[in-house]
Number of protein chains: 2
Amino acid sequence: MAIGDTPTVTPGRRIEHDVRAQIENGNLHIGERLPSEAELSAQYGVGRNTVREALRALAGQGLLEIKVGKRGGTFVTRPSAEKISGSLRLALSLMAGTEVSVANLVQIREILEIPAAEIAALQRTEEELAALRATLFDPYHVDPDRVFGCTGGFHLAILRATHNPLLPIVASPVFQVLEERFLRDRAPQRVWLDVDRDHREIVDCLERHDQAGAREAMRAHLRAARQQYYQDMAES
Amino acid sequence: MAIGDTPTVTPGRRIEHDVRAQIENGNLHIGERLPSEAELSAQYGVGRNTVREALRALAGQGLLEIKVGKRGGTFVTRPSAEKISGSLRLALSLMAGTEVSVANLVQIREILEIPAAEIAALQRTEEELAALRATLFDPYHVDPDRVFGCTGGFHLAILRATHNPLLPIVASPVFQVLEERFLRDRAPQRVWLDVDRDHREIVDCLERHDQAGAREAMRAHLRAARQQYYQDMAES
DNA sequence: ATCGATTTGTGCGTATGTATC
DNA sequence: TGATACATACGCACAAATCGA
């Protein structure tokens, strides 16, 4: 242990930080099992409650998985994509309106999703194209809940079709926060006509592997969405 | 257990999920104080340790802040930018090599940092320009540790100069994971000559608000970095 | 500045549920 | 079926931090 460590850190915090550091520097690798609570409490010279709380905090971050039973125990794991994405979505949702403006969110969305469309036009498989078509909807018979799910599914399908797992992880929370805060079901039908037209145009571009077309179609689509967000803000 | 019963969810998990849901749907606001542990344990009909572990799990995610003392207690907070960025960095680091390839990381980096340079060229203040210049180094007197910090500082300064707080949050973890895994101090001096030249060219573009120049200079810089990563991988 | 009230931090013992053998 | 090992849950007691009178 390094000298001059923070003097007044509670044992619980210290254990949490210590285990986290061991995961980070590879001392503990994925799938490895930690000593039992009793062993840890003996090693650190603290009670089992203290150990348990430290392990809980790390489990909340998705770094540990706790299983019961004789062959159970606490195991090192990596946060799932869903866990990361969910944490990011909640964090962005809580930041939106104070530290982070709608313009910030829109800008990130355009930075990520416009290249994503271009990459997807190159990488998409037939299966992904079919999944994308399944998200198209009939703008003349709008069930608000269904349309909301379709638009989310459309953009997620594009991100997935890039074959880069990081793009859905970082881009979908941004998209979800924007869609949650706006036009959940407040948008007039005219908007859905435009959205549907844009979606179909993008799908057409992906079908013929038209990278430049997909990029520009997505750019136009997101520009329209941006205008809708701003109009929605002005009204409320 | 009777047939059709909901699977047994432990009280601790239930409390954790319940509090998280209340934060998410706005029932609990930022800065609001939760009831004391004793009150919560009475409300939920569980022991105080159970409550503490649930709160610890949420505190580990940066959603709660726990303070001791008479006016202390458990307060709802939003995860700090550092917390989010740190969690993302560790998660990416653990995923790198299995679910996520180096090519995936490089692609995200280019998607984010090339537009960032273009935006920074428009938005940068004199102070940010000065901070950027402070990260330049002398490639002929390379102290590996210092150069490593400088390159990180350079890219972070660009991201900050965009005036979009989300860009540092999502882009810096990607950058850090790549730099950690490669050329920490294995790079030959020739590389640092090129890096220094690229950095100075980008700074020059930002100085004269040359958006297209900054974008293309960053593109070239990241292309060179990509080649270095791949060469580094081939050698090891 | 001391004292007391409030709240979290910690230790320990015990009983129970559950998965594995 | 029973034994074993481990997590789960609870309750209590005391320590430490903090604030206010």
Side-chain angles (χ1 to χ4, degrees), chain A residues 1 5-20 22-23 28 31-77, chain B residues 1-20 22-23 28-77 83:
Chain A
M1 213 57 193
D5 250 352
T6 40
T8 52
V9 65
T10 62
R13 301 293 187 184
R14 200 179 82 77
I15 296 172
E16 178 183 343
H17 184 273
D18 191 37
V19 173
R20 187 189 169 92
Q22 289 192 49
I23 293 173
L28 289 170
E32 187 172 346
R33 181 187 163 172
L34 273 66
S36 70
E37 293 178 355
E39 287 178 83
L40 286 172
S41 77
Q43 286 177 19
Y44 285 99
V46 298
R48 275 181 50 235
N49 273 341
T50 305
V51 171
R52 284 176 58 78
E53 287 172 13
L55 298 182
R56 274 287 191 193
L58 293 169
Q61 300 167 52
L63 294 172
L64 297 179
E65 191 183 2
I66 300 173
K67 286 187 286 195
V68 298
K70 187 185 178 185
R71 300 303 297 174
T74 63
F75 297 84
V76 181
T77 180
Chain B
M1 184 191 303
I3 299 175
D5 250 356
T6 50
T8 305
V9 64
T10 62
R13 302 293 186 189
R14 200 180 81 79
I15 297 171
E16 178 183 344
H17 186 272
D18 191 37
V19 173
R20 187 188 170 94
Q22 288 192 49
I23 293 173
L28 288 170
H29 305 86
I30 303 295
E32 188 172 343
R33 182 189 160 177
L34 273 67
S36 71
E37 294 174 355
E39 287 178 81
L40 286 172
S41 78
Q43 286 179 20
Y44 284 100
V46 299
R48 197 176 142 226
N49 281 339
T50 305
V51 171
R52 284 178 58 78
E53 286 171 13
L55 298 182
R56 271 274 178 239
L58 293 169
Q61 301 169 52
L63 294 171
L64 297 178
E65 190 183 4
I66 301 174
K67 287 184 287 194
V68 305
K70 187 180 179 184
R71 296 292 298 168
T74 307
F75 298 86
V76 180
T77 181
K83 179 90 186 170

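Sequence lines set the chain letters: A, B, ... in the order given, protein chains first and strands last, and positions in each chain run from 1.
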Between N or O atoms, less than 3.5 Å apart, protein on one side and nucleotides 3-7 of chain D on the other: list the pairs.
none

Taking only N and O in the side chain of [X], is any of them less than 4.0 Å away from OP1 or OP2 of [N]?
X     : N      : result
B/T50 : D/dC10 : yes
A/S41 : C/dG11 : no
B/R56 : C/dT8  : no

| Can a donor-acceptor pair under 3.5 Å be found between the side-chain atoms of A/N49 and the base atoms of C/dG9? | no
| request: Could you check A/Y44 against A/T50 for side-chain contact (heavy atoms from CB on, under 4.5 Å), going step by step and ending with a plain yes or no? | output: CA-CA 10 Å; A/Y44 285 99; A/T50 305; over 6 Å; no
What is the distance from [atom1] of [X] to [atom2] of [N], rounded to the nearest Å?
X     : N      : atom1 : atom2 : value
A/R13 : D/dA16 : CZ    : P     : 18 Å
B/E65 : C/dT8  : CD    : P     : 13 Å
B/L40 : D/dC10 : CG    : C1'   : 16 Å
A/Y44 : C/dT10 : OH    : C1'   : 17 Å

| Of all residues at least two apart in sequence or in a different chain, which pass the salt bridge (Lys or Arg N to Asp or Glu O under 4.0 Å) check with B/R33? | none
| Evaluation steps, side-chain contact (heavy atoms from CB on, under 4.5 Å), between B/V76 and B/L64 | CA-CA 5 Å; B/V76 180; B/L64 297 178; 4.3 Å; yes
| said: Using the rule side-chain contact (heavy atoms from CB on, under 4.5 Å), only one of A/T10, A/L40, A/V51 pairs with A/V46; which is it? | reply: A/V51
| Single hit among B/Q61, B/E53, B/R56 for side-chain contact (heavy atoms from CB on, under 4.5 Å) with B/E16 | B/Q61
| task | Report the residues that fulfil side-chain hydrogen bond (donor to acceptor under 3.5 Å, both in side chains) with A/E39, sequence neighbours left out, ordered by chain and then residue number. | result | A/S36
